[in-house]
Amino acid sequence: MIDDYAPSRRTLLSTAAAGAAVAVVGGRLAPPAVAGTEPAGPILKPLPPEWFTDFGTNAEMRWDSVQPGEYLTRPARLFVRNHTSTPLVDARTYALRVYGDGLSTPRGQGDALSLTLDDLRRLPASEAISVHECTGNGRSFFGSQQGTPASGTAWQLGAVGAVRWHGVRLKHLLRRIGLDPAAVSIQATGLDPSYVSGGVDYGSVRRPFPVSKALDDAILAWGMNGRPLPRDHGYPLRLVLPGWVGIGSIKWLGSLEVSTTELTSPWNTTWYRMTGGSYPADSPPLTVNPVRSAWELPWAARLPARKIRLTGRSWSGAGHIALVEVSTDGGATWHRAHGGTAKRGGWTQWSHTWARPTPGEHVLMARATDVAGRTQPLETPFNDGGYFFDAVVRHPVTVA
Ligand SMILES: Nc1nc2c(c(=O)[nH]1)N[C@H]1C(S)=C(S)[C@@H](COP(=O)(O)O)O[C@H]1N2
Ligand SMILES: [Mo]
């Protein structure tokens with residue numbers, strides 16, 4: 001199995017094995033024998049180049065590796081976005097700490113409630129599908145398609161996947177422990193190492209979200225697609241805010257602070273809001289994901305000069321996709337794609353039969369509209385962080 005790893009991955013793994021008590025048993029990565037949250041490699045799972053584009057602490061799913069017959073994204077193939085590195089958290093000693101003045105019995109950090117996984121499993125279990133996506137998905141197209149590059153990981157469209165989460169609704173936990181009616185904000189904090197950038201230590205990755213989202217569909221998830229959460233995706237417990245920016249779904253969830261005042265962190269004051277371009281200085285923190293579409297094709301694609309059925313997917317953080325239109329001539333003419341059925345919270349699979357591809361260079365385009373009436377534009381206004389690139393992507397194809 002190790003032989004399938006990219007060379008850089010092999011080096012990382014042996015470093016991790018030496019430095020952070022990762023045991024490689026029979027060619028498989030085993031959990032550590034001792035408790036702790038020591039940092040290991042940036043990403044632990046194999047990142048074979050036919051499935052991923054490896055950005056170091058981040059890894060993008062390749063759309064040409066997506067199986068048209070599989071609705072959910074396999075955990076082994078899901079993109080990873082780490083600010084630092086995947087920590088090794090021991091589920092046996094793990095506890096979620098909950099505190100704050102927004103609990104019906106206010107608690108300071110020092111006397112936080114401590115909930116083990118067994119405690120959480122005694123609450124009513126839930127499962128839900130969501131399209132899990134990074135806020136910066138599509139960022140590279142600000143540069144390659146619109147001529148203004150944005151700083152940050154140069155994702156194409158693969159920082160996304162459809163996942164079935166297993167866990168407990170946060171509202172069940174909050175009802176059980178008691179919420180002050182005046183509570184407005186909850187800060188989720190991860191157990192991964194502090195995020196240091198440009199010489200500044202920003203502390204643990206953390207981001208607040210409104211109590212209304214907590215009482216709506218937020219999930220404390222311990223499982224993905226019927227299996228325990230993989231380490232890279234938040235094992236043993238992560239928060240999931242369905243349909244919202246990926247940064248809201250804090251992995252390796254260490255604590256929740258429930259507050260009667262608005263909480264902040266650099267992840268909602270400095271990052272993950274629109275700055276620069278034509279945006280006002282006080283744009284609010286980003287929440288609901290935009291509408292996007294991708295073809296299940298290599299970048300760039302080579303296709304034979306004969307009738308061919310092409311597939312792709314569209315998704316939105318706001319709900320179902322109502323319409324998908326495609327163009328095989330760079331936007332001159334549009335056709336309604338043949339749509340599949342979407343699962344609640346998930347994405348829509350579609351197909352288009354290209355009847356007569358002629359030899360030469362072509363541009364494929366796909367444009368979706370969601371139930372909220374939001375349609376993908378031909379151009380997205382620039383922002384410094386390169387967030388929410390939702391314009392129709394021009395996918396290059398050579399027919400030969
Ligand atoms: N603790 C912690 N949670 C985190 C992050 C992180 O670096 N640390 N990254 C966030 C971002 S920006 C995204 S897009 C998602 C990615 O989740 P995944 O790696 O499971 O796909 O996790 C979010 N939660
Ligand atoms: Mo993200």
Side-chain angles (χ1 to χ4, degrees), residues 37 39-45 47 51-52 54-61 72-89 94 96 130-139 150 152-155 157-165 167 187-197 202-209 218-225 227-256 265-268 270-273 285-287 289-290 317 385-389:
T37 58
I43 297 175
L44 297 178
K45 70 182 179 184
L47 301 171
W51 293 353
F52 289 100
D54 187 347
F55 292 104
T57 63
N58 305 317
E60 164 164 16
M61 176 193 77
L72 296 178
T73 305
R74 292 193 206 172
R77 302 197 180 194
L78 183 64
F79 82 97
V80 180
R81 174 17 179 162
N82 282 349
H83 280 75
T84 59
S85 58
T86 294
L88 300 175
V89 182
Y94 172 82
L96 170 66
S130 80
V131 177
H132 175 58
E133 183 173 39
C134 184
T135 326
N137 198 22
R139 178 182 287 122
T153 303
W155 305 112
L157 282 171
V160 65
V163 174
R164 177 181 279 119
W165 305 100
Q187 176 106 271
T189 302
L191 293 170
D192 38 341
S194 292
Y195 178 60
V196 179
S197 174
Y202 293 96
S204 298
V205 177
R206 61 199 187 282
R207 194 176 196 255
F209 61 102
I219 303 165
L220 299 176
W222 54 69
M224 180 185 273
N225 298 5
R227 314 265 309 164
L229 268 185
R231 288 209 182 274
D232 293 312
H233 298 290
Y235 177 88
L237 192 77
R238 83 178 296 166
L239 177 67
V240 178
L241 303 184
W244 282 30
V245 287
I247 182 60
S249 295
I250 294 293
K251 304 194 274 190
W252 317 291
L253 186 62
S255 65
L256 293 172
S265 89
W267 284 267
N268 78 328
T270 303
W271 309 301
Y272 301 101
R273 57 196 304 161
L286 295 173
T287 56
N289 278 327
Y387 301 128
F388 280 10
F389 186 91

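All of these numbers come straight from a predicted model, not from anything done at the bench. Read the numbers this way: they start at 1 and go in the same order the structure lists the ligands and their atoms.
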Review point. If you measure from atom 1 (N) of ligand 1 to every heavy atom of I43, D192, T86, V205, which option wins on shortest distance?
Key: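 Considering heavy atoms of I43, D192, T86, V205, the nearest to atom 1 (N) of ligand 1 sits in D192.
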
Point to revise | Shortest heavy-atom approach to atom 18 (P) of ligand 1 - which of M224, R207, M61, H132 | key: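 Nearest heavy atom to atom 18 (P) of ligand 1 lies in H132.
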
Would [X] count as a polar contact of ligand 1, with the cut-off being nitrogen or oxygen pairs under 3.5 Å?
| X | result |
| --- | --- |
| E133 | no |
| F79 | yes |
| T135 | no |
| T84 | no |
| W252 | no |

Check: [Y] main-chain N/O paired with [X] side-chain donor or acceptor under 3.5 Å:
| X | Y | value |
| --- | --- | --- |
| R77 | G161 | no |
| T86 | P42 | yes |
| R139 | G385 | yes |
| N225 | T73 | yes |
| K45 | D232 | no |
| R206 | Q187 | no |

**Study point:** Closest approach of any protein heavy atom to atom 23 (C) of ligand 1, naming residue and atom
**Key:** G246 O, 3.3 Å

Review point. Which protein heavy atom lies closest to atom 9 (N) of ligand 1, and at what distance to 0.1 Å?
Key: R81 O, 3.2 Å

Below 4.0 Å from any atom of ligand 1, is there a heavy atom belonging to [X]?
| X | answer |
| --- | --- |
| S249 | yes |
| R206 | no |
| Y272 | yes |

Under 4.0 Å from any heavy atom of [X], which atoms of ligand 1 are there?
| X | value |
| --- | --- |
| H233 | 18 (P), 19 (O), 20 (O), 21 (O) |
| N82 | 7 (O) |
| C134 | 14 (S) |

Review point. Got L229 and W222 here, is their nearest side-chain heavy-atom distance under 4.5 Å?
Key: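 No, side chains not in contact.
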
Exercise for review: Could you check F388, W244, F209, Y387 and say which one makes a ring pair (Phe, Tyr, Trp, His ring centres under 6.0 Å) with Y272?
Suggested key: Y387

Review point. Which residue, W252, W271, Y195, forms the ring pair (Phe, Tyr, Trp, His ring centres under 6.0 Å) with H83?
Key: Y195

Practice item. Please say whether the positively charged group of R207, taken as NZ for Lys or CZ for Arg, lies over the ring of W267, i.e. under 6.0 angstrom from the six-membered ring centre and within 45 degrees of the axis. Key: no

